[in-house]
Amino acid sequence: MNQLTQAPQPLVLLSSRELEKMRRACQLAADLLNHLEPMVQPGITTQALNDEAERWTQAHGAKSAPLGYHGFPKSICTSINQVVCHGIPSPRQILREGDIINIDVTPILGGYHGDTSKTFFVGQPSERARRLVEVTEECLRRGIAAVKPGGRVGDIGAAIQEYAEAQGYGVVRDFVGHGVGRQFHTAPQIPHYGQAGQGEKLRPGMVFTIEPMINEGTWKVKVLADKWTAVTLDGKLSAQFEHTVAVTETGVEILTLPCALG
Ligand code: MF3
Ligand code: CO
Ligand code: CO
């Protein structure tokens, strides 16, 4: 996700030919998450998830966008429990029963970035973890449902914020969705909070991510000394789901939906 402070690359509208390339990259991203899912078990290290993601990505003729991006040291982001985003895989970090972990992948295929993430349960979740993760996935669903040509960027954040806060949760402000295509992060920024009817108009050909980070407690976060790992200020849980979507003539297309046929 984009940091709000970062000067964004210009917004790009994709032609139908370019959109076709985006579809391929995004399908690969969705397939990669599916591929990693069965590895999410107690005892595995986040480094092992990283290494399999890197191997699989290369085997499919793609590159891992996070690796070396603004100095990020690994191929995927792995964010456990109170980690909001940008967790760095490590051989010293072992998944434990009851953890929640967001895995965020972004392969580059044919020059285009497919960006998607999902929060997984390690073994059996606690009731509070399950509810947070379910609400966060519903936030993404409602954000996507708010996308239509002629609508506004603010419609998306308003839909997410209204639902999340009604459930008693906090919506992270410091990281937002972003335009994506040949570049990893472009305009427009897509906040997961805001006001309906405000912000940039949504137009066919716009491709961006929606990636709400929802916190059990306060929305406030801090970044650790490694300069990447963002954690909740109160140490409570955080969950995230992300899809890359395209605005179409009639509505929205989710580009990173897993294919039913695998
Ligand atoms: N995939 C993240 C996003 O959703 C960005 C990760 S940037 C990295 O935008 F450098 F941390 F990899
Ligand atoms: Co993103
Ligand atoms: Co991502």
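Order of appearance sets the numbers: ligands from 1, and atoms from 1 within every ligand.
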* Asked: For residues Thr256 and His243, is any side-chain donor paired with an opposing acceptor at under 3.5 Å?
  -> yes
* Asked: What part of Tyr69 sits under 4.0 Å from ligand 1 if we count only heavy atoms: the side chain, the backbone, both or neither?
  -> both
* **Criterion side chain to side chain donor-acceptor pair (under 3.5 Å) against His178, the qualifying member of Gln189, Glu211, Gln9** => Glu211
* Asked: Which is the closest N/O/S atom of Glu211 when seen from the Co ion (ligand 2)?
  -> OE2
* **Contact check, side chains of Arg96 and Pro42, non-hydrogen atoms, under 4.5 Å** => no
* Basic-acidic side-chain contact under 4.0 Å: Glu138, Arg142 -> yes
* **contact_flag Trp228 ligand 1 heavy-atom lt 4.0 Å** => yes
* Asked: Sub-3.5 Å donor-acceptor pair from the side chain of Asp155 to the main-chain atoms of Gly197, do we have one?
  -> yes
* Select one of side chain, backbone, both or neither to describe which atoms of Cys77 lie under 4.0 Å from any atom of ligand 1, heavy atoms only. => side chain
* Any N/O/S atom of His185 sitting less than 2.8 Å from the Co ion (ligand 2), backbone or side chain? -> no
* To do: Report the part of Asp115 in contact with ligand 1, treating N, CA, C, O as backbone and CB onward as side chain, heavy atoms under 4.0 Å; options are side chain, backbone, both, neither.
  => side chain
* Asked: Parallel under 30°, tilted from 30 to 60°, perpendicular over 60°: which one fits the rings of His113 and Phe184?
  -> parallel
* For Asp115 and Thr106, test the side chains for any donor-to-acceptor distance below 3.5 angstrom and give the result as yes or no. => yes
* Measuring from the heavy atoms of Asp104, does anything fall under 4.0 Å of ligand 1? -> yes
* **Element-labelled atoms of ligand 1 that are located less than 4.0 Å from some non-hydrogen atom of His178** => 3 (C), 4 (O), 9 (O)
* Work out the angle at the Co ion (ligand 3) between OE1 of Glu242 and OD1 of Asp115, rounded to 10°. => 90°
* Compute the minimum heavy-atom distance from His70 to ligand 1 and say whether it is under 4.0 Å. => no
* To do: Decide if the gap between the ring center of His185 and the ring center of Tyr69 is smaller than 6.0 angstrom.
  => yes
* Asked: So, does His185 sit close enough to ligand 1 that a heavy atom of it is under 4.0 Å from the ligand?
  -> yes
* Asked: Among Ser75, Pro66, Ala230, Ser79, whose heavy atom sits nearest atom 12 (F) of ligand 1?
  -> Pro66
* Asked: With atoms numbered from 1 as shown, which atoms in ligand 1 lie under 4.0 angstrom from a non-hydrogen atom of Thr106?
  -> 1 (N)
* To do: Step through the shown structure and confirm whether more than 12 heavy atoms of other residues, nucleotides or ligands are within 6.0 Å of CD on Gln47.
  => yes
